Amino acid sequence: MGKSREADPQSLQKYGVPLYSAAWLPYKELRSKLQPRDDHVDSSKQQEQQQQEEEEEKIPKPSASSHEHYVVLAGGGGEGSSGIPNAVLLSCFDFSSNSLSSQPVAKLGLGSQLPYRMVVHPGGDGVICAFPSSCRFFDWDEVKDNEDHKLGLKPSKKVLTQLEDVGQQLALAFNSDSSVLAVGGEDGNLRVFKWPGMEIILNETQAHASLKDLCFSPDGKFLVSMGQRDLGRVWDVTSSTAVASLPKENDEIFASCRFSQKSDQAQVLYIAAITDKGSSIVTWNTSSWKRMSSKHVAREPVSSFNVSPDGKLLAMGMTQGDVLLVNSTNLRVQTLIRKAHLGIVTALAFSHDSRALVSASMDSSARVTLIEDNKSGMYIAIQIFHPVIDVSAMVGYRPDNSITD
């Protein structure tokens with residue numbers, strides 16, 4: 001029989017805007033790009049400071065230092081007259097207290113433009129947001145406040161001209177070394193670029209009827225695209241050609257896809273699928289591109305999906321607000337967070353060390369769940385108690401930026 005535990009209420013915060021994207025900031029990579037700027041520091045002091053930083057790097061630091069863990073969130077109310085702002089938010093997570101900052105540490109207002117999708121550059125360059133008609137790039141910014149250096153975002157001088165007036169993009173993905181960017185549109189157009197030069201690698205105008213998810217293989221050789229209701233496709237990035245199709249079976253609707261790398265360096269592809277029984281996880285061989293297995297895991301439809309960087313866990317967000325952690329070896333639910341959110345779970349992202357999972361929802365909330373070392377393999381259920389609220393208005397979002405009753 002499994003055990004249960006209470007979730008820390010401080011690990012959930014509401015930020016006043018429906019959230020559609022979530023990611024962890026690559027602080028280690030960003031720190032090297034945003035060194036404190038002081039034009040009045042002479043060369044000797046700069047050298048002394050550099051030597052001090054090098055010495056500090058040699059001192060072991062706890063991997064869970066709170067100032068090194070930021071969560072990036074994006075969302076809003078669209079361009080209507082709802083009064084709900086559109087913004088990219090930066091919140092701080094403290095591992096020691098298992099708490100998210102109650103207020104964003106930084107907020108970039110976006111006017112009437114809704115950032116419906118977002119991708120954070122793995123190397124710390126910045127953030128790309130997908131708006132109703134175009135995509136825009138934003139730089140990280142370090143603002144000096146007294147003796148502190150606060151992190152924020154600012155519009156970049158880099159203009160993504162190749163992604164202007166292209167319509168709503170529903171999927172954005174960088175490869176692992178951040179040298180290639182893939183973008184998939186509501187119109188089914190798949191575009192792949194070299195980064196940062198934005199030279200076009202692939203431009204497939206009819207990759208799908210409507211493209212909703214993309215993921216690169218860990219080695220960057222392959223890109224998988226998911227359509228709204230059609231089959232999946234596998235693309236060879238080097239040759240810019242489709243090399244395989246991933247067919248559905250029976251009543252499946254492919255919802256999301258993610259690669260993972262096992263301890264023996266073998267790669268595996270997972271697809272979260274919706275069926276008439278709820279949700280299942282389909283596993284694919286990445287050499288033959290043949291289906292290896294399919295397992296039913298939940299009675300509710302899946303709305304978001306991700307895989308931990310260490311490959312041990314799969315995360316599933318559900319339409320009714322639950323979050324599931326699934327063991328990647330046996331595809332059994334290891335942890336269930338009941339009612340983690342009051343609305344649809346729109347985004348999931350593991351921290352870079354696989355020690356935490358951030359989830360976001362249309363109910364304007366973000367939650368961080370710490371990953372327990374569950375060597376016993378026991379099932380864990382976490383019950384979240386919310387006040388009774390009618391959330392019917394939260395689930396009427398449409399990609400055309402309108403929220404319906």
Side-chain angles (χ1 to χ4, degrees), residues 1-5 212-218 222 224 226 231-232 234 244 246-338 340 344-345 347-351 354-359 369-382:
M1 183 177 178
K3 61 180 180 178
S4 63
R5 61 181 172 89
K212 64 179 179 180
D213 200 18
L214 294 166
C215 65
F216 282 97
S217 59
F222 298 103
V224 171
M226 295 275 103
L231 48 71
V234 183
L246 308 174
K248 302 183 296 179
E249 288 187 358
N250 302 322
D251 60 340
E252 288 176 338
I253 298 175
F254 289 163
S256 185
C257 56
R258 290 294 182 272
F259 279 93
S260 181
Q261 188 162 295
K262 299 290 188 179
S263 57
D264 60 358
Q265 301 303 308
Q267 296 180 160
V268 61
L269 173 67
Y270 298 103
I271 292 180
I274 300 172
T275 69
D276 60 353
K277 295 180 180 179
S279 298
S280 63
I281 294 176
V282 185
T283 308
W284 301 79
N285 183 295
T286 57
S287 297
S288 64
W289 300 110
K290 300 296 184 182
R291 179 186 294 240
M292 295 193 299
S293 67
S294 177
K295 185 170 182 179
H296 174 75
V297 293
R299 296 179 180 178
E300 296 177 17
V302 60
S303 56
S304 53
F305 179 66
N306 218 323
V307 177
S308 62
D310 62 11
K312 295 180 179 179
L313 292 173
L314 316 179
M316 301 179 73
M318 316 308 286
T319 56
Q320 298 300 314
D322 293 350
V323 171
L324 283 64
L325 293 175
V326 180
N327 186 301
S328 65
T329 302
N330 54 27
L331 296 184
R332 293 179 180 175
V333 176
Q334 178 173 301
T335 304
L336 167 62
I337 304 104
R338 297 185 187 276
I344 295 174
V345 182
L348 295 166
F350 284 93
S351 59
S354 300
R355 297 178 56 235
L357 173 76
V358 61
S359 54
T369 301
L370 294 180
I371 307 301
E372 290 192 346
D373 187 5
N374 190 14
K375 294 181 179 179
S376 66
M378 295 178 66
Y379 168 79
I380 300 174
I382 306 171

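This one's a predicted model, so the numbers in the text were calculated from it and none came from an experiment.
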Would you check if V224 and F259 make a side-chain contact, meaning some heavy-atom pair closer than 4.5 Å? yes
Can you tell me if N306 uses its side chain to pair, donor with acceptor, with the backbone of A315 under 3.5 Å? no
Kindly say whether V345 contributes a backbone atom to a donor-acceptor pair with the side chain of S304 at under 3.5 angstrom? yes
Minimum heavy-atom separation for N330 and R332, please, with both atom names. OD1-N, 3.0 Å
Any donor-acceptor pair under 3.5 Å linking the side chain of S328 with the backbone of G311? yes
Residue list, side-chain contact (heavy atoms from CB on, under 4.5 Å) with T329, at least two apart or on another chain: N327
T335 and V333, any side-chain heavy atoms less than 4.5 Å apart: no
For the backbone of I344 and the side chain of S303, can you confirm whether one donor and one acceptor N or O come within less than 3.5 Å of each other? no
Using a 3.5 Å distance criterion without hydrogens, assess whether the side chain of S308 forms a donor-acceptor pair with backbone atoms of L313. yes
Starting at CZ of F216, measure out to SG of C257 and round the result to the nearest 0.5 Å. 11.0 Å
Pairs involving residues 284-308, ordered by first then second residue, that meet salt bridge (charged side-chain N to carboxylate O under 4.0 Å, His left out) (sequence neighbours left out): E249-R291, E252-R291
Taking all heavy atoms of L324 and all of D322, pick out the closest pair and write down the distance. CD1-CB, 4.2 Å
Backbone N/O of A272 and side chain of S256: donor-acceptor pair under 3.5 Å: no
L246: which of I271, V282, L231 passes side-chain contact (heavy atoms from CB on, under 4.5 Å): I271
Within the structure provided, determine whether L325 and L357 are in side-chain contact (heavy-atom separation under 4.5 Å). yes
State whether the number of non-hydrogen atoms from other residues, nucleotides or ligands found under 6.0 Å of K312 atom NZ is greater than 12. no
With a 4.5 Å heavy-atom cut-off, do T275 and N250 have their side chains touching? no
Do I274 and F254 have side-chain heavy atoms sitting under 4.5 Å apart? no
Can you confirm whether M318 sits close enough to V323 that some side-chain heavy atom of one is under 4.5 Å from a side-chain heavy atom of the other? no
side-chain contact (heavy atoms from CB on, under 4.5 Å) between V326 and Y270: does it pass, once the steps are laid out? CA-CA 12 Å; V326 180; Y270 298 103; over 6 Å; no
Does S359 reach the main-chain N or O of L348 with its side chain, forming a donor-acceptor pair under 3.5 Å? no
Do F222 and W289 have ring centroids that are under 6.0 Å from one another? yes
Student check: side-chain heavy atoms of L269 and T286 closer than 4.5 Å: yes
Distance (rounded to the nearest 0.5 Å) between K212 NZ and M226 CE: 8.5 Å
Closest non-hydrogen contact found for S279 with M316 is CB-CE, 3.8 Å
Under 4.0 Å between a Lys/Arg side-chain N and an Asp/Glu carboxylate O for K277 and D251? no
Taking every non-hydrogen atom, the tightest pair across I253 and K248: CA-CD, 4.4 Å
Of all the heavy-atom pairs spanning V302 and A273, show the shortest one and how long it is. CG1-O, 4.3 Å
